[in-house]
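Remarks on the structure that follows.
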Amino acid sequence: MSSQPRFLFFFILHFFLLITCIHCYTIKKPNSQLQYPCLHPRHRSYPFCNTSLSLKTRAQSLISLLTLDEKIQQLSDNVSAIPRLGIPPYEWWSESLHGIATDGPGISFNGTIKSATIFPQVILTTAAFNRSLWAAVASAIAVEAMAMQNVGQAGLTFFAPNINIFRDPRWGRGQETPGEDPMVVSAYAVEYVRAFQWNYDWEAAKKDKYKFGLQRRALGDDNDDGDEDRLMLSACCKHFTAYDLEKWGQFTRYNFNAVVTDQDMEDTYQAPFRSCIQKGKASCLMCSYNSVNGIPACANRDLLQKARSEWNFRGYITSDCDAVATIYENHKYTKTPEDAVAAALKAGTDINCGTYMLRHMKSAIEQGKVLEEEIDRALLYLFSVQFRLGLFDGESSRNQFRQLGPHDVCTSEHRKLALEAARQGIVLLKNEQKVLPLDKHGILSLAVIGPLANSTKLGGDYTGFPCNPRSILEELQEYVNNIYHATGCQDAPCNSSTHFSEALSVAKQAEYVIVVAGLDLSQETEETDRYSLLLPGYQTSLVTSVSLLLPGYQTALVTSVAAVSRRPLILVLIGGGPIDVSFAAGDPHFGSIIWIGYPGETGAKAISEIIFGHYNPGGRLPMTWYPESFTNVPMTDMNMRADPSRNYPGRTYRFYTGDRIYGFGHGLSYTSFIYKLVSAPRKLSLQESIKARRWRNMLYQRGNGFNYVYVDEVPYCSSLRFQVQISVTNNGDMDGSEVVLLFSKASKKFKGSPERQLIGFERVHVLSYETAETSFLVDPCEHLSFADEHGKRILPMGDHILISENIEHIFSIEI
Ligand SMILES: *[C@@H]1O[C@H](CO)[C@@H](O)[C@H](O)[C@H]1NC(C)=O
Ligand SMILES: *[C@@H]1O[C@H](CO)[C@@H](O)[C@H](O)[C@H]1NC(C)=O
Ligand SMILES: *[C@@H]1O[C@H](CO)[C@@H](O)[C@H](O)[C@H]1NC(C)=O
Ligand SMILES: *[C@@H]1O[C@H](CO)[C@@H](O)[C@H](O)[C@H]1NC(C)=O
Ligand SMILES: *[C@@H]1O[C@H](CO)[C@@H](O)[C@H](O)[C@H]1NC(C)=O
Ligand SMILES: *[C@@H]1O[C@H](CO)[C@@H](O)[C@H](O)[C@H]1NC(C)=O
């Protein structure tokens, strides 16, 4: 059998297990003392149970008691029990991306808890640009996770968040991420991990520290791990790294080699992971399926070791599920499976999600390719995390949550928070002549058309069983009695026009028409990238793997309905990835366009409230909406920076200058806001920071007429932090929230410098005709720098421009 079919078989088997896991997992017994080896009288005397010893000593002591076979059994997500030491089995793989999901075998909904709150998919929650909201959502998910764990339906180690940069609009998993901007993704990662692992509002804590004037070297360089030793739950920064392609032509995530420059690595791909580990202090890192510059990520020693040595990572490294197998089977990076498990273990992969290490580690040792000490090192990290989670002695920061159970899942509080997240995230893209909001008292009839209008599957991927999902149609019925409905298309793929006539006749009858169009998981998800950015209706030829653009029936439906409706149409778009709706953006038949991502189980209520003006939308797009022509760019090209010499347009608002349907940060409100700069410095001098003459000489000698400093040569950069204050006045008669985005750019163009980059964001609530002030703390080394071609961060001297809406403020950095 060639490796390919064998691997496929393995995958199919795995997939089968995944799908059927609710059948093959019986309910585990509720937590009892017997589950903790150290609470058992017979095992209490082992040194690994002695809480006066350090975690490291305890873990080492435990390792010393294990046989080689017992050790190898630990190298899978599905860990067998060690009865002689009282150690129960453990499943490392649970999922919690935007609510407790069924995708990992650690979760079961077959028990007293039958459902869990489905929050909006991450891309929509991100669009709220509200750190407290992000932390609140992660805390609520953690509460539901602990409640499920308490009744034996979940583990304690979760493989979330997904913090890869949303690099290409076609990516099927872009929906799972916090978008395309490294600063936003980093901020989301920190909030999620802190709140999930410790129930900790990092942003609030950070503000407190400034208030009390505590000086720190840089934000989050916080090395007192005292309170962080114990974990409530474990979160995982994934997928490390440069992973953002599922399937494009002959390339799949299992065989793709991401070729990434040092420059892009530093200021795009790695930035969120650095934050997730340094500031978020995540206890898990997951290496990805793809190769990075020729080396499979899970065998990439330089990458994995850098996380430990430079970022002070203290957790465990897991492979993505079956990623160790891909080293041999798909990347063909090694000659044998034994070499693959050896390469992964030696590089720093501690555990293999899947069974590859279980099956091949013994022979790798027999062939002398792996030393037992190398397994011991991996076990040290694995056991340390299990100790921190209290799996041995029941002692953890989860103690105060022991009582959580079925009553703490799907609570009205959590469902309200899910609703709030959808409200805050939904983005009003277009609103000509103030078609929205509708006045519910003034409406005689409403047509609600589209294949997704009556769908209750609004969670996106990584979704479990929702508590009580409702469709947009159902929610709109709460506002208007006289509603006509037609699907127009049988489903999202919409491959025929058979149902158009019904939709058109319904549209003609009604006073107002809402069409709910867009994507579902048949178009974009894990293993599925899109080939087109248009509304569905195209097909991929199975023979050539090339996309053939057939008539776009969803587009045809939407435009023909718009042509017959009495008033400008309201278009509601579902989906995680951007959609080329240029046909509607510029056409006066379309009054409003609203993007709702995958808004979760209460999202239908949120969009209905927005349509009828019970909530004033304020979300902003966390990614660029490219035109269909962008699909000419090879999805495999990882370069962020444009290259005119080969017609390469670059990616994301930081580097792409081509046409866009809607830009990063776009989003309207029912009111309007006026911005004013309250204060910002005109000049910044590095004199104070760089006192030593030695440094100054180096700086003066550098550059061809362009002066810059390497940020790691500026010893006291944090002392140069400055405030930018902006006031926002609500110039309308409706209260609303405004997301204030602060960008910067160096006024001189330097090779590889971004067009602009986000350096701060703050969501502020402003009452009608009132003014609110917000301030940003700018750290020049962190925020105004970018990477040079060698991947070293440089801070340009001279003029920088701070940009927020119509504000442009020039200030200069001097030596
Ligand atoms: C749930 O568990 C029970 C008892 O273990 C089992 O009989 C039943 O088939 C399971 N149902 C599902 C849907 O897995
Ligand atoms: C636990 O470890 C401490 C420190 O080494 C030692 O003094 C103590 O005797 C140990 N306790 C038990 C029960 O072995
Ligand atoms: C997990 O391991 C146990 C014991 O080895 C085995 O019975 C079970 O089938 C495994 N589960 C999965 C999902 O592989
Ligand atoms: C909407 O879907 C629900 C549940 O599937 C169904 O009962 C209802 O009839 C549908 N409504 C319309 C108007 O089709
Ligand atoms: C259209 O969709 C239906 C159901 O989704 C499917 O059965 C049919 O094969 C599709 N037709 C084409 C031409 O793809
Ligand atoms: C941010 O989210 C929190 C939590 O939902 C909420 O209380 C707060 O009002 C939001 N801020 C703004 C400005 O909307």
Side-chain angles (χ1 to χ4, degrees), residues 10-26 28 37-62 65 69-70 72-83 87-95 102-108 110 155 321-322 325 351-359 387 392-393 395 445-458 466 468-478 480-491 499 502-503 506 510 514 516 601 604:
F10 186 64
F11 250 92
I12 291 165
L13 177 74
H14 210 102
F15 189 60
F16 179 74
L17 285 177
L18 244 169
I19 294 201
T20 56
C21 71
I22 44 175
H23 300 284
C24 54
Y25 277 77
T26 49
K28 290 172 212 150
C38 298
L39 298 188
H40 191 284
R42 209 148 53 81
H43 308 297
R44 197 177 288 155
S45 54
Y46 282 115
F48 72 74
C49 287
N50 185 340
T51 50
S52 336
L53 302 172
S54 72
L55 288 184
K56 189 174 174 188
T57 309
R58 293 175 67 189
Q60 279 167 335
S61 162
L62 175 57
L65 298 172
D69 284 335
E70 284 168 342
I72 292 173
Q73 285 301 314
Q74 297 290 319
L75 301 177
S76 157
D77 61 297
N78 177 18
V79 177
S80 315
I82 311 174
I87 297 174
Y90 184 70
E91 173 56 67
W92 285 85
W93 180 9
S94 291
E95 298 279 356
T102 40
D103 303 63
I107 303 290
S108 157
N110 187 8
C321 298
D322 298 323
I351 196 171
N352 166 214
C353 178
T355 55
Y356 213 66
M357 280 190 179
L358 286 191
R359 290 184 285 135
F387 278 112
F392 284 83
D393 49 26
E395 283 302 316
S445 61
L446 184 65
V448 181
I449 294 169
L452 301 169
N454 195 26
S455 169
T456 51
K457 291 191 177 131
L458 297 176
N468 181 22
R470 306 243 298 162
S471 73
I472 295 175
L473 179 64
E474 282 174 286
E475 291 291 352
L476 288 171
Q477 280 161 344
E478 307 271 317
V480 181
N481 290 328
N482 215 0
I483 289 201
Y484 312 116
H485 169 61
T487 57
C489 306
Q490 135 185 11
D491 51 18
H499 303 285
E502 190 197 349
V506 157
I514 296 173
V516 183
E601 66 169 282

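For reference, positions follow the sequence shown, starting with 1. Whatever order the structure lists them in is the order used to number ligands and atoms, beginning at 1. Just so you know, these numbers come straight off a predicted model, no measurement behind them.
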Shortest non-hydrogen contact from C49 toward P37 = SG-C, 4.5 Å
request  = Over all heavy atoms of both residues, which pair between A447 and V506 is shortest? Give the atoms and the distance, please.
outcome  =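 Minimum heavy-atom contact is CB-CG1, 3.6 Å.
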query = With a cut-off of 4.0 Å, which atoms of ligand 2 are near a heavy atom of L53?
reply = 2 (O), 4 (C), 5 (O)
Decide yes or no for [X] and [Y]: does some side-chain heavy atom of the first lie under 4.5 Å from some side-chain heavy atom of the second?
X    : Y    : answer
D77  : E91  : yes
S445 : Y484 : yes
L75  : N352 : no

Is [atom] less than 4.0 angstrom from at least one protein heavy atom?
atom                    : answer
atom 11 (N) of ligand 4 : yes
atom 14 (O) of ligand 4 : yes
atom 4 (C) of ligand 4  : no

query = Do the rings of F392 and F48 sit parallel, tilted or perpendicular, given the 30° and 60° boundaries?
reply =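 Perpendicular.
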ask   = Considering only the protein, which heavy-atom contact is closest to atom 9 (O) of ligand 2, and what is its distance?
value = N50 ND2, 4.7 Å
task = Before signing off on this row, confirm whether H485 and ligand 4 have an N or O atom pair separated by under 3.5 Å.
result =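 No, since none of the N or O atoms of H485 sits under 3.5 Å from an N or O of ligand 4.
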task = Pick one of side chain, backbone, both or neither for how T456 approaches ligand 4, counting any non-hydrogen atom pair under 4.0 Å.
result = neither
request  = Closest by any non-hydrogen atom to atom 8 (C) of ligand 4: pick that one out of T487, N454, V448, I483.
outcome  =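 Checking each option, the heavy atom nearest atom 8 (C) of ligand 4 is found in N454.
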